[in-house]
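Notes to accompany the following structure.
Predicted model, so just to flag it, every value in this text is computed and none were measured.
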Amino acid sequence: MDPEPVTRPLAATSSAPVRLDFAGGWTDVEPIASAIGGAVVNAAIDLRTTVTVRSAERYSLRAADLALAASADSSADFASTGPLALHAAALRWAALAPCAVSTAAAAPAGSGLGTSGALGVALVHALSTARDEPLHPIEIAERAWTIETVDATVAGGRQDQYAAALGGVQHLEMRDGKFHVSSIAIAAEVLDHLAQHIVVCHTGRSRFSGSTISRVVAAWQTGDQQVHAALLGMRALAQSVAPILQQGDVVRLGELLQANWQHQQALDRAMVTPAMAALEVAMRMAGATGGKAAGSGAGGVMFFAIPGSTKDAQDAARACGATVLPLRWAAGGVRSEPGPPVPAPHLA
């Protein structure tokens, strides 16, 4: 049930991490997930999206990282499509008095790291905190997914929202028509070892769009055997990656990432860009045992497992025009943050 309107002064700041998906991405997208029993293993990384909600005279939305802003007298007046559609859909769900909602993402837009999922989770957390009606992390993940896929009509799976809400390393499975999530326990020294031997490379903004999801889902629904086999292959890899991560086996991890990437490329002809193909060759020559695109592919981030020193691989990535992003695991998910001093409200 949607919340009742709130008219008291508002103040909240929340942040949520993005993620690296090791295996199984795409199998969390409906209706595929329910039909084949989707499975994903991912880990939250500490590139956080921050959302601030404050009382204001009018409703306003601002995405600092996109240099976009809009204002209106009613939350219903914001566009339901476009780059601020998720902001607007979350604001309409929250039913708050006039307020300013400001967002900023540390991860590059279109990176494939689950930035929209982290944004949705941080929005739901901040808006529900402003209402003084906190939600359980699973409720936040599910609400954020509904707001994005149903209200804002942006197709996608659930792994991004669960990683952003919960943090840590998670195994997400569809069973009996419901998603179940379980944490994968990994020793701190193993996590440190993995972080030192994974190189995260941003190749440039993704050209991925909802049309790619539509093509993959349509191909699966019409019985495309190549697509079906690829999805089952990625699901199987997700079921086997946990012990590799727990052991810190960088060589095997790279091989698993590469196998997942091969399956992923079989889903759609646009999955790999020329820049991604060139980067993959350079990273293998620099010592990577394998790698894959983060998220859906078609641009954005690729990450690679490097058993030895990563210096040559980082240099190779930069020589290809990629940006090497910092890798710090996020043990926790969405959280409240200290906000700036709240001015006295001036409500209409």
Side-chain angles (χ1 to χ4, degrees), residues 18-26 29 42-43 45 47 65-67 83 105-118 154-157 159-160 195 197-216 226-227 230 234 237 250 253-327:
V18 294
R19 55 94 188 105
L20 288 182
D21 54 323
F22 295 107
W26 278 96
V29 175
N42 63 28
I45 62 174
L47 292 170
D65 51 300
L66 301 177
S111 62
L113 295 172
T115 51
S116 65
V154 178
Q159 67 152 319
D160 301 348
H197 292 278
I198 294 174
V199 177
V200 182
C201 311
H202 186 227
T203 67
R205 187 177 178 87
S206 174
R207 69 173 184 233
F208 173 78
S209 68
S211 62
T212 311
I213 286 184
S214 298
R215 287 198 303 271
V216 171
Q226 176 174 292
V227 169
M234 288 188 286
L237 290 170
V250 178
L253 177 61
E255 293 169 350
L256 181 147
L257 296 177
Q258 194 65 37
N260 194 99
W261 180 224
Q262 293 303 316
H263 288 310
Q264 196 171 339
Q265 291 179 73
L267 295 178
D268 188 78
R269 63 187 182 279
M271 198 62 64
V272 59
T273 67
M276 296 170 77
L279 177 63
E280 183 179 351
V281 171
M283 296 299 278
R284 293 299 293 267
M285 293 179 64
T289 56
K292 67 181 289 291
S296 300
V301 161
M302 295 190 76
F303 61 103
F304 300 87
I306 318 289
S309 169
T310 63
K311 182 182 183 304
D312 288 347
Q314 292 189 43
D315 289 344
R318 295 186 181 103
C320 287
T323 301
V324 177
L325 300 181
L327 176 55

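- Between atom CD of residue Q258 and atom CG of residue L253 there is a gap of 11.5 Å, rounded to the nearest 0.5 Å.
- In terms of heavy atoms, V199 sits closest to A313 at CG2-CB, 4.4 Å.
- W261 places a side-chain heavy atom less than 4.5 Å from the side chain of E280.
- Side-chain contact between D315 and R318 is present, with at least one heavy-atom pair separated by less than 4.5 Å.
- In this structure, A118 and V18 approach most closely via the heavy-atom pair CB-CG1, 3.9 Å.
- At least one donor-acceptor pair closer than 3.5 Å links the side chain of N260 to the backbone N or O of G24.
- Under the 3.5 Å distance criterion, the side-chain polar atoms of Q159 are left unmatched by any main-chain donor or acceptor of G25.
- The two residues L257 and F22 have their closest heavy-atom pair at CD2-O, 3.4 Å.
- Distance check, rounded to the nearest 0.5 Å: OG1 of T115 to CZ of R19 gives 8.5 Å.
- Under the 3.5 Å distance criterion, the side-chain polar atoms of H197 are matched with a main-chain donor or acceptor of P307.
- Using a distance-only test at 3.5 Å, with no hydrogens or angles considered, a donor-acceptor pair links the side chain of D65 to the main chain of A105.
- Between the side chain of T203 and the backbone N or O of G300, at least one donor-acceptor pair lies under 3.5 Å.
- In this structure, the separation between CE on M271 and CD on Q262 is 12.5 Å, given to the nearest 0.5 Å.
- Here the closest heavy-atom approach between residue A316 and residue M283 is recorded as CB-SD, 4.5 Å.
- The main-chain N or O of A286 is never found under 3.5 Å from a side-chain atom of D312 such that the two would form a donor-acceptor pair.
- Once rounded to the nearest 0.5 Å, the distance linking CZ of R284 with OG1 of T289 reads 7.0 Å.
- Taking 4.5 Å as the limit, some side-chain heavy atom of C201 sits within range of a side-chain heavy atom of L279.
- Counting only heavy atoms from C-beta outward, the side chains of L47 and P326 approach each other to under 4.5 Å.
- What you find for A288 and I306 is that their closest heavy atoms are CB-CD1, 3.4 Å.
- K292 contributes a side-chain N or O that, together with a main-chain N or O of D21, makes up a donor-acceptor pair within less than 3.5 Å.
- Here the closest non-hydrogen pair linking A23 and L256 is CB-CD2, 3.9 Å.
- Under the 3.5 Å distance criterion, the side-chain polar atoms of H202 are left unmatched by any main-chain donor or acceptor of V324.
- At a threshold of 4.5 Å between non-hydrogen side-chain atoms, the residues L325 and L113 count as touching.
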